[in-house]
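Not measured: the values here are computed from a predicted model. Each chain gets a letter, A, B and so on, in the order the sequences are listed, and its residues count up from 1.
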Amino acid sequence: DTGVSQNPRHKITKRGQNVTFRCDPISEHNRLYWYRQTLGQGPEFLTYFQNEAQLEKSRLLSDRFSAERPKGSFSTLEIQRTEQGDSAMYLCASSFGTGTYNEQFFGPGTRLTVL
Amino acid sequence: AQTVTQSQPEMSVQEAETVTLSCTYDTSESDYYLFWYKQPPSRQMILVIRQEAYKQQNATENRFSVNFQKAAKSFSLKISDSQLGDAAMYFCAYMFGNEKLTFGTGTRLTIIP
């Protein structure tokens, strides 16, 4: 299957610990997006990359969050000193092209639970 | 800032019947895209239908169609001949400039056999 993959699918951690999630986009997709979805809400934009460049960061992305996309392929999202409020589903999406519209394809998400 | 509002947290419909999900949005832009995404339980989000704001014709995809009212900033989704596999969370979303998606809070659709 050549869809967007995310690992791990589930992560349980204790408050104060650091966690890192990985997203592998569809091959040759040059754009990669991170969203966060809390229970009962729609996904909220966190950040996105075009190739290896991080083009936009949401105000939701506090200093404890950092995202990278080395070499414009996979991406990692790290949360330092996790808080209970970080518990959510973290979704990754990718798209190809720079035209007026390019469909975003979503991965299955990583569900984070902070105890 | 753009906002998307879905005022129906839950909807239900009998199998084979038609259901309409509502969505309103707010933007100062004139050229943008609107979407309906489906998120089945424990499965990933998939695109159902897309509407370009500059097109007056409403988009259709098989049993799915939209009613796009640009002046009213309204974008509803009609599902005809509802099937059990249509049960899911449905999210309305907005995009300007081929960048990030702004989602509504979703509508949980239940199909009654």
Can you tell if the side chain of [X] reaches within under 4.5 Å of the side chain of [Y], non-hydrogen atoms only?
X: A:Glu103; Y: B:Arg50; result: no
X: B:Val48; Y: B:Glu61; result: no
X: B:Trp36; Y: B:Cys23; result: yes
X: B:Asn67; Y: B:Lys78; result: no

Open item on the list: If I compare all heavy atoms of B:Lys73 with all of B:Thr27, which pair ends up nearest, and what's the gap?
Closed with: NZ-O, 2.7 Å
- [ ] Pick one of side chain, backbone, both or neither for B:Gln6, based on which atoms fall under 4.5 Å of a heavy atom in chain A.
- [x]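 Contact with chain A involves no heavy atom of B:Gln6 at all.
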TODO: Give me the ring orientation class for A:Tyr35 and A:Tyr33: parallel if the planes are under 30° apart, tilted from 30 to 60°, perpendicular past 60°.
DONE: parallel
Go through the atoms of [X] and report whether side chain, backbone, both or neither lie under 4.5 Å from a heavy atom of chain B.
X: A:Leu91; answer: side chain
X: A:Phe105; answer: neither
X: A:Gln50; answer: neither
X: A:Glu56; answer: side chain

TODO: Using the ring-ring contact (aromatic ring centres under 6.0 Å, His included) rule, collect all pairs that involve residues 51-97 of chain A, keeping only residues at least two apart or in two chains.
DONE: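 Listed by first then second residue: A:Phe21-A:Tyr90.
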- [ ] Output the residues of residues 106-113 of chain B for which the shortest heavy-atom distance to chain A is under 4.5 Å, in residue-number order; output 'none' if no such residue exists.
- [x] none
TODO: Select, from A:Met89, A:Arg9, A:Gln37, the one with the greatest count of heavy-atom pairs under 4.5 Å involving chain B.
DONE: A:Gln37
Open item on the list: Check for me whether the distance between the ring centres of B:Tyr94 and B:Phe75 falls short of 6.0 Å.
Closed with: no
Open item on the list: Counting only heavy atoms not in A:Arg15 (residues, nucleotides, ligands), do more than 12 fall under 6.0 Å from its CZ?
Closed with: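 Not more than 12 within 6.0 Å, no.
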